[in-house]
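Down below is the structure, laid out as structure tokens.
Just so it is clear, the model here is predicted, and its values are computed rather than measured.
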Amino acid sequence: MNPSILFDLIGAVELTASAAITVALLSIGFGRSWTERAWLASVLGAWFVLVVVFAATEIFSSRPGSLGVGGVGISVAVPLLILCVAVFRVPSLRSALEKVPLALLIGVNTVRLLGISFVLLYQMHRLPAPFAPVAGWGDILVGLTALPVAWLAARGWERSRRVILLWNTAGLLDLVAAVGLGVASSPGPLRLITAEPGSGIMSTLPWLLIPGFLVPLLATTHLAVFYRLRGVQSRRP
């Protein structure tokens with residue numbers, strides 16, 4: 001079997017497992033009953049399937065008639081906007097945001113250890129620099145430190161707030177940098193980084209699951225952590 005096809009199959013399994021873990025943890029954290037948890041998991045699952053359909057039909061590819069790289073940016077921005085509006089404006093989700101364990105919002109980012117895929121894709125000459133190394137090693141660093149920082153949050157130490165804030169800022173900036181470099185490396189009118197082979201494979205299966213599903217979901221957890229830390233600060237005497 002072609003090594004690239006085999007690696008894509010392995011990536012599909014890993015990304016699907018990561019998505020399932022993320023959906024399960026966030027559904028448990030934000031759902032107040034099993035009915036709410038099942039409903040949240042169903043909505044997120046439907047979004048996952050929609051991204052798979054988009055990738056399978058290559059709607060975001062650079063071929064004529066497709067949305068191109070701009071579509072990949074939309075696949076990140078629109079879900080992120082919807083998630084933020086839902087979490088911060090829907091009363092039940094807003095109430096859940098106040099109660100969901102901070103450690104859960106942080107610990108779920110452990111799935112970003114799969115950033116190793118970016119590094120390997122770069123070694124296989126399927127993704128360019130600086131996009132792949134920056135996104136890959138940044139995700140690995142955030143994923144490695146997620147559980148220790150979650151442990152600090154669970155302990156509730158007062159002095160750990162600065163550590164959590166630093167980790168959360170780095171984690172969100174890593175996602176922003178990855179998306180920006182990915183768009184700048186993709187074929188199309190927005191391309192600024194001309195290093196080959198480009199980041200066009202990010203619009204195909206299974207890799208569209210990263211910008212189209214995992215990035216908006218994990219970026220929302222970072223924004224939720226910022227919100228919770230602001231709440232802790234405002235309650236101090």
Is a side-chain N or O of [X] found less than 3.5 angstrom from the main chain of [Y], in a donor-acceptor match?
X    : Y    : answer
S27  : A24  : no
R32  : R37  : no
S199 : L127 : no
T57  : F54  : yes
R94  : R89  : no
S95  : P91  : no
S33  : E36  : yes

For the student: nearest non-hydrogen atoms of [X] and [Y], plus distance:
X    : Y    : value
V142 : W167 : O-NE1, 3.5 Å
F7   : R126 : CD2-NH1, 4.3 Å
A55  : T204 : CB-C, 4.0 Å
I210 : P216 : O-CD, 4.3 Å
P128 : P197 : N-CD, 4.1 Å
R112 : H222 : NH1-NE2, 2.8 Å

To the nearest 0.5 Å, what is the distance between [atom1] ([X]) and [atom2] ([Y])?
X    : Y    : atom1 : atom2 : answer
L40  : F30  : CG    : CZ    : 9.0 Å
N109 : L218 : CG    : CG    : 5.0 Å
R161 : L102 : CZ    : CG    : 10.5 Å
F118 : I140 : CZ    : CD1   : 10.5 Å
D8   : I201 : CG    : CD1   : 7.0 Å
L144 : L113 : CG    : CG    : 5.0 Å

Would you please indicate yes or no on a ring centroid separation below 6.0 angstrom for F131 and Y122?
->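 No, the ring centres sit 6.0 Å or more apart.
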Do [X] and [Y] make a side-chain contact, defined as non-hydrogen atoms from C-beta onward lying under 4.5 Å apart?
X    : Y    : result
M124 : S4   : yes
V225 : I164 : yes
L214 : L15  : yes
L97  : Y227 : yes

Is there a path from [X] to [Y] through hydrophobic residues (I, L, V, M, F, W, Y) whose side chains come within less than 4.5 Å of each other?
X    : Y    : answer
V100 : V85  : no
L217 : V43  : yes
L166 : L147 : no
V52  : L114 : no
L223 : L25  : yes

Angle class for the W47/F213 ring planes (parallel below 30°, perpendicular above 60°, tilted otherwise)?
-> tilted
Where do V179 and V215 land on the side-chain contact (heavy atoms from CB on, under 4.5 Å) test, with the steps shown first?
-> CA-CA 9 Å; V179 172; V215 168; 4.0 Å; yes
Could you walk me through whether E14 and S117 pass the side-chain contact (heavy atoms from CB on, under 4.5 Å) check?
-> CA-CA 10 Å; E14 293 175 339; S117 295; 3.7 Å; yes
Could you give me the CA-CA distance, side-chain angles and deciding distance for L26 and T22, then say whether side-chain contact (heavy atoms from CB on, under 4.5 Å) is met?
-> CA-CA 6 Å; L26 294 180; T22 304; 3.9 Å; yes
